[in-house]
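One structure is given below, encoded as structure tokens.
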Amino acid sequence: MFNNVYEAILKGSDTIFLQVPEADFNFNYDHISIRNSQDFADNYFAVKSKDGIPHVKNAYLNESTHMVVIAVQVDYNVQLYRNNYTVPDTIPNNNISCQAENFE
């Protein structure tokens, strides 16, 4: 879902506009609201390991493009340690056959 998000950054500003396809947004949320948009922005910043703390100011549906537009003001002054989102490369290989033999 986060791969389809377009960012529009205002130069010299702390405001970012996130544009999300309506179908992608509605897949996880039942309606557009500040609360749902804040949850989306928090998850987006965590998954993308972006700096700053997002504060959603506005969210609306652009009906002509079928995009949910989320206006986010980013606070870069707050120092918050955030664990980077990681996906495991491999699944641990525990030798199950040896464990079964030792079970007796």
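Distance check, rounded to the nearest 0.5 Å: CG of Asp24 to CE of Met67 gives 8.5 Å. Within the model, atoms OG of Ser33 and CD of Gln38 stand 10.5 Å from one another, a figure rounded to the nearest 0.5 Å. Between the CD atom of Gln19 and the CG atom of Asn4 there is a distance of 12.5 Å, given to the nearest 0.5 Å. Taking CG of Leu10 as the start and CZ of Phe17 as the end, the distance is 5.0 Å to the nearest 0.5 Å. In this structure, OH in Tyr6 is found 13.0 Å from CG in Leu18, a value given to the nearest 0.5 Å. For the atom pair OG1 of Thr15 and CD1 of Ile9, the computed distance is 11.0 Å after rounding to the nearest 0.5 Å.
Residues Asp75 and His55 are in side-chain contact: their nearest non-hydrogen atoms beyond the backbone lie under 4.5 Å apart.
Follow the hydrophobic side-chain contacts under 4.5 Å out from Val74 and you never reach Val69; the two are in separate clusters. There is a path of hydrophobic side-chain contacts, each under 4.5 Å, that joins Tyr76 to Val72.
For Phe2, the CZ atom sits in a packed shell: over 12 heavy atoms of surrounding residues, nucleotides or ligands are nearer than 6.0 Å.
Ring geometry for Phe40 versus Phe25: interplanar angle of 30 to 60°, hence tilted.
Although no hydrogens or angles enter the test, the distance criterion places a donor-acceptor pair under 3.5 Å between the side chain of Asn36 and the main chain of His31. A side-chain donor-acceptor contact under 3.5 Å links Asn43 to the backbone of Asp39.
Closest of all the heavy-atom pairs between Val56 and Ala41 is CG2-CB, 3.9 Å.
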Derivation of the side chain to side chain contact (heavy atoms under 4.5 Å, CB included) call for Tyr60 and Ile70: CA-CA 7 Å; Tyr60 64 93; Ile70 303 171; over 6 Å; no

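Within the structure, salt bridge (Lys or Arg N to Asp or Glu O under 4.0 Å) contacts touching residues 1-14 (residues at least two apart or in different chains) are Glu7-Lys50.
Remark: Glu22 engages His66 in a side-chain hydrogen bond (donor to acceptor under 3.5 Å, both in side chains) (not counting sequence neighbours).
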